[in-house]
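One structure is given below, encoded as structure tokens.
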Amino acid sequence: MTNRWKSIGLAALLAGLTLSASYADAAGVLTIGRREDSTTFDPIKTAQNIDNWVFSNVYDVLIRVDKTGTKLEPGLAESWTAADDGLTYTFKIRDTKFSDGSPLTAEDAAYSLLRIRDDPASLWSDSYKVIDTALATDAHTLTIKLKNPSAPFLSTLALPNASVISKKGMESLGADAYGEKPIASGAFVIEEWRRGDRIILKKNPNFWQADRVKLDGVEWISVPDDNTRMLNVQAGELDAAIFVPFSRVEELKKDPNLKVAIDASTREDHLLINHAHGALGKKEVRQALDLAIDKKAIVDTVTFGQGTVANSYIPKGALYYYADNLQRPYDPAKAKEMLAAAGASDLTLNYLVRAGDEVDEQTAVLVQQQLQKAGINANLQKVDPSQEWDMTVAGDYDISVNYWTNDILDPDQKTTFVLGHDSNNNYLTNYKNEAVKELVAKARLELDPKKREAMYVDLQKMAKDDVNWIDLYYSPYINVSRKNIENFYQNPLGRFFLEDTVKN
């Protein structure tokens, strides 16, 4: 999912300049610097990493993805079985409690799944419409019946947005209040949320793996400026920071007080194209844009060699990634010819850029220069990150760099969101291809792995031909921490295993 932000205020900007040392020095409390504040703790109402990466340690899911990011393992469901018809699943729910001391039951699990399926505010309903019924047959037994067999079903249960919430708590507090200060089912509970500044978490003593948790608490602190955030860690004002700029990696590695973690990821950066805007609705124009962008130059210049050129919306190493997918060469002359043939010789584009994001700004300048060689004028519009996200959602842009990290092991989730979806305009691009949409639905139902892989190969080819967006590069997660921090780690899907992190 993407990592866009909505709520950075003046407090966050000030917080980035000076941080109280008392927080960083607090025994057993891990302070993590990140660019932006969360938007909500209602899991069904967001599709952003800034929310889900915190969700993953405040909530727990029925089934988890392991540390390697390659297999499923038990979460709140200690075991499960599937009927031979592939339609009925039975889950054994652990004997555990929510953070408020109330029992966590199969009824809460059923409620959570039906809510993500049915609530009008859910951004994820399409992925759960396969569920016909979800019933608690007793306090610790959840029975789910599907409308039809579904290859990605178990993987979707590991999505942070399908976390188990308290039915009683949600119904008594209401969605707005619950989204501000939820009842936790995970390792940590929210003690305080200072909007625009920080989220303060404390250890949840009722978590079923409470003995595993070494930290007393965690503070996620908003420091929008990349360089300021790095300086805060170097000065010991933060224990750790995420989103290390590529340009700072080698320097930080030389600091004896720091550790730089470069973890395998499913991140794919791409250039969003708004198909609803004029000439961008023509496939030939989008293909010309793809030819006009030198991805290798972006990888070398912006990522300092940490990235690799992307050729598919499915990230390298992920399930059904097609290594031989088309990768258009950099050919500005050919792009210019195609634009002329499509009647778009004097194309001018509004390029939305996140101010303060070093990589985004560097990429924008490079892309602007490259497009100019094909006769395309790109006007860079630098805006505050919160404003940029709102403008993208509203469709008030022509092109803009975005990125996605997978949330589940199966490719269905991302494929549905960016190619076969209606409610989010195919991830803000307004891309429409009915044949693609139909194939996305069929691939979800196909249980034969070889046939299913062939479908995803076709989808990758079709998306590349249509240029739903322009694939730019794949890159690892790069985070930094002080030497006294151990096990500060992300798996390829982005989950931080803070229940294992130690502050010495």
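Model, not experiment: these values are computed from the prediction.
- Qualifying ring-ring contact (aromatic ring centres under 6.0 Å, His included) partners for Tyr456, counting only residues two or more places apart in sequence or in other chains: Tyr320.
- Not a single donor-acceptor pair under 3.5 Å links the side chain of Asp407 to the backbone N or O of Leu159.
- For Lys67, the NZ atom is densely surrounded, since the number of other residues' heavy atoms within 6.0 Å is greater than 12.
- Counted within 6.0 Å of NZ on Lys316, heavy atoms from surrounding residues, nucleotides or ligands total 12 or fewer; the atom is thus considered open.
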Practice item. Would you sort out whether Lys97 and Asp100 count as a salt bridge (charged side-chain N to carboxylate O under 4.0 Å, His left out), showing the intermediate values? Key: CA-CA 8 Å; Lys97 298 177 181 179; Asp100 65 353; over 6 Å; no
Check your understanding: Does the pair Arg267 and Asn406 meet the rule for a side chain to side chain donor-acceptor pair (under 3.5 Å), with working shown?
Key -> CA-CA 7 Å; Arg267 174 168 174 156; Asn406 288 359; over 6 Å; no
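- Residues forming a ring-ring contact (aromatic ring centres under 6.0 Å, His included) with Phe417 (at least two apart in sequence, or on another chain): Trp124, Trp404, His421.
- Using a 3.5 Å distance cut-off with no hydrogens or angles, the side chains of Asn468 and Asn426 do not pair a donor with an acceptor.
- With sequence neighbours excluded, no residue forms a salt bridge (Lys or Arg N to Asp or Glu O under 4.0 Å) with Arg117.
- Under the salt bridge (charged side-chain N to carboxylate O under 4.0 Å, His left out) criterion, the residue pairs touching residues 53-64 are Asp60-Arg64, with sequence neighbours excluded.
- With salt bridges taken as basic N to acidic carboxylate O contacts below 4.0 Å, one links Asp410 and Arg452.
- Legend: side chain to side chain donor-acceptor pair (under 3.5 Å) pairs involving residues 294-310, not counting sequence neighbours, sorted by first then second residue: Asp290-Lys295, Lys296-Asp300.
- The side-chain hydrogen bond (donor to acceptor under 3.5 Å, both in side chains) test applied to Asn491 returns no partner, not counting sequence neighbours.
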Using residues 255-264 as the side-chain source, report each donor-acceptor pair under 3.5 Å to any protein atom, sequence neighbours left out, with the distance given to one decimal.
unit_1, atom_1, unit_2, atom_2, d
Asp255, OD1, Asn257, N, 2.9
Lys259, NZ, Ile485, O, 2.3
Asp263, OD2, Gln490, N, 3.4

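- Of the charged side-chain nitrogens involved, at least one lies within less than 4.0 Å of a carboxylate oxygen, so that Arg35 and Asp226 count as a salt-bridged pair.
- With hydrogens and angles disregarded, a donor-acceptor distance shorter than 3.5 Å links the side chain of Asn325 to the backbone of Asn311.
- The ring pair (Phe, Tyr, Trp, His ring centres under 6.0 Å) contacts involving residues 477-504 comprise Trp53-Tyr477, Trp53-Phe496, Trp220-Phe496, Phe488-Phe496, where partners must be two or more places apart or lie in separate chains.
- Note on Glu192 versus Arg194: salt bridge recorded, some NZ/NE/NH1/NH2 to OD/OE distance being below 4.0 Å.
- A donor-acceptor pair under 3.5 Å is formed between the side chain of Glu361 and the backbone N or O of Gly356.
- When the ring-ring contact (aromatic ring centres under 6.0 Å, His included) test is applied to Tyr89, the partners found at least two apart in sequence or on another chain are Phe153.
- Checking side-chain atoms of Asp66 against main-chain N and O of Glu73 turns up no donor-acceptor pair under 3.5 Å.
- In Lys92, the NZ atom is crowded: over 12 heavy atoms of neighbouring residues, nucleotides or ligands sit closer than 6.0 Å.
- Phe41 meets the ring-ring contact (aromatic ring centres under 6.0 Å, His included) test with Phe55, Trp193; sequence neighbours excluded.
- Heavy-atom minimum distance, Pro182 versus Ile190: CD-CD1, 3.3 Å.
- Remark: the backbone N or O of Thr501 is not paired with any side-chain donor or acceptor of Asn487 at under 3.5 angstrom.
- Using modelled atom types and a 3.5 Å distance limit, the side chains of Gln234 and Arg248 yield a donor-acceptor pair.
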Point to revise | side chain to side chain donor-acceptor pair (under 3.5 Å) between Thr31 and Asp239, worked out | key: CA-CA 5 Å; Thr31 55; Asp239 294 317; 3.1 Å; yes
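- Between the side chain of Ser222 and the main chain of Arg198, no donor-acceptor pair closer than 3.5 Å is present.
- Partners of Glu191 by salt bridge (Lys or Arg N to Asp or Glu O under 4.0 Å), not counting sequence neighbours: none found.
- When every heavy atom of Thr156 is checked against every heavy atom of Ala162, the shortest pair comes out as O-CB, 4.0 Å.
- The pair Arg229-Glu237 does not count as a salt bridge, with every side-chain nitrogen at least 4.0 angstrom from each carboxylate oxygen.
- Pairs of residues two or more places apart, or lying in two chains, that qualify as salt bridge (charged side-chain N to carboxylate O under 4.0 Å, His left out) and include a residue from residues 468-496 are Lys464-Asp471, Arg495-Glu499.
- For Asn504, the CG atom sits in a packed shell: over 12 heavy atoms of surrounding residues, nucleotides or ligands are nearer than 6.0 Å.
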